[in-house]
Amino acid sequence: MMKMNYFVVGTNNFEASVKFYDALFEQTELSQTFSTDRMAFWQGKDKDSAFAVAIPFDQEPATSGNGTMVGFSVDSAEEVTRLYKKAIESGGTCEGEPNQRGPRFSAYVRDLDRNKIVFSN
């Protein structure tokens with residue numbers, strides 16, 4: 001059996017990125033569990049997977065990947081909408097307002113470094 005272990009997005013402003021994700025995750029089961037001067041991790045209670053932001057190891061500018069997207073599964077359409085609004089309030093940009101898309105209710109945003117995120121139930 002194989003499952004995702006962690007997902008990392010790059011940042012050019014580490015402090016702003018950590019603040020963005022701390023605010024985004026504040027009412028979820030994800031909490032910041034580890035941080036260094038260039039990388040921060042958030043995990044849920046199960047500790048089986050993690051999300052992280054990092055200043056790139058090669059010290060080149062972080063760029064968002066074309067076609068790259070991080071997906072977070074949540075329990076309800078209301079939580080999708082709440083997270084979408086929180087991301088926008090925290091400086092993120094809209095890539096698709098909350099709406100029913102096929103079998104899932106989802107919303108798309110970009111973080112401060114233009115990394116694409118989807119919330120869906």
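Positions are given from 1, in the same order as the sequence printed here. Reckoned from all heavy atoms, side chains included, excluding hydrogens, waters and symmetry mates.
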Exercise. Taking C-beta and beyond as the side chain, do Met39 and Val8 meet within less than 4.5 Å on heavy atoms?
Worked result: yes
Joint hydrophobic cluster, Phe119 plus Val70, side-chain heavy atoms closer than 4.5 Å: yes
Worksheet entry | Cluster check Tyr84, Leu24: I/L/V/M/F/W/Y, side chain < 4.5 angstrom | yes
Is the number of heavy atoms from other residues, nucleotides or ligands under 6.0 Å of Glu15 CD greater than 12? no
4.5 Å side-chain heavy-atom contact, Gln27 and Glu79:
no
> Does the side chain of Ile88 reach to within under 4.5 Å of the side chain of Cys94, using non-hydrogen atoms?
Replying inline: yes
query = Could you walk me through whether Val74 and Thr28 pass the side-chain contact (heavy atoms from CB on, under 4.5 Å) check?
reply = CA-CA 9 Å; Val74 299; Thr28 73; over 6 Å; no
(message) I want to check something: taking the side chain as every heavy atom from C-beta on, are Glu97 and Thr81 in contact at a cut-off of under 4.5 Å?
(response) no
| Taking the side chain as C-beta and beyond, is there a heavy-atom pair between Phe7 and Ser49 under 4.5 Å? | no
Rounding to 0.5 Å, atoms CG (Asp113) and CG (Asn12) come to a distance of 5.0 Å
**Asked** Are any of the side-chain heavy atoms of Phe14 and Ser35 separated by less than 4.5 Å?
**Response** yes
- request: Check the pair Phe41, Gln32 against side-chain contact (heavy atoms from CB on, under 4.5 Å), reporting the backbone distance first and the verdict last.
  value: CA-CA 6 Å; Phe41 285 87; Gln32 193 180 140; over 6 Å; no
Taken to the nearest 0.5 Å, the spacing of Glu29 CD from Asp75 CG works out to 7.5 Å
Taking C-beta and beyond as the side chain, do Leu112 and Asn13 meet within less than 4.5 Å on heavy atoms? no
query = Can you get from Phe20 to Trp42 by hopping between Ile, Leu, Val, Met, Phe, Trp and Tyr side chains that sit under 4.5 Å apart?
reply = yes
(message) For the backbone of Ala50 and the side chain of Asn5, can you confirm whether one donor and one acceptor N or O come within less than 3.5 Å of each other?
(response) no
Backbone of Ser106 reached by a side-chain donor or acceptor of Arg101 within 3.5 Å = yes
For Ser120 and Arg104 the tightest heavy-atom approach is OG-NH1, 3.2 Å
Could you tell me whether the side chain of Asn121 and the main chain of Phe105 form a donor-acceptor pair under 3.5 Å?
yes
- request: Flag the pair Lys85 / Arg82 as yes when at least one side-chain heavy-atom distance between them is below 4.5 Å, and no otherwise.
  value: no
**OP:** Give a yes or no on whether Val9 and Val118 share a hydrophobic cluster (residues Ile, Leu, Val, Met, Phe, Trp, Tyr; joining criterion: side-chain heavy atoms under 4.5 Å apart).
**Re:** no
Polar side-chain atom of Asn115 near backbone of Gly10 as donor-acceptor pair, under 3.5 Å:
yes
Interatomic distance, OG1@Thr33 vs NZ@Lys47, rounded to 0.5 Å, equals 5.0 Å
Contacts of Phe51 meeting ring-ring contact (aromatic ring centres under 6.0 Å, His included) (sequence neighbours excluded), chain-then-number -> Tyr21, Phe25, Phe72
Show me the donor-acceptor pairs within less than 3.5 Å that the side chains of residues 58-68 make with the rest of the protein, sequence neighbours left out.
from: Asp58; atom 1: OD1; to: Glu60; atom 2: N; distance (Å): 2.9
from: Ser64; atom 1: OG; to: Arg114; atom 2: O; distance (Å): 3.4

Residues at least two apart in sequence or cross-chain that pass salt bridge (charged side-chain N to carboxylate O under 4.0 Å, His left out) with Asp22, listed by chain then number, are none
- Message: Would a single hydrophobic cluster contain both Val53 and Ile55, if residues Ile, Leu, Val, Met, Phe, Trp and Tyr are joined by side-chain heavy-atom contacts under 4.5 Å?
- Response: yes
ask   = Gln43 side chain to Lys45 main-chain N or O, any donor-acceptor pair under 3.5 Å?
value = no
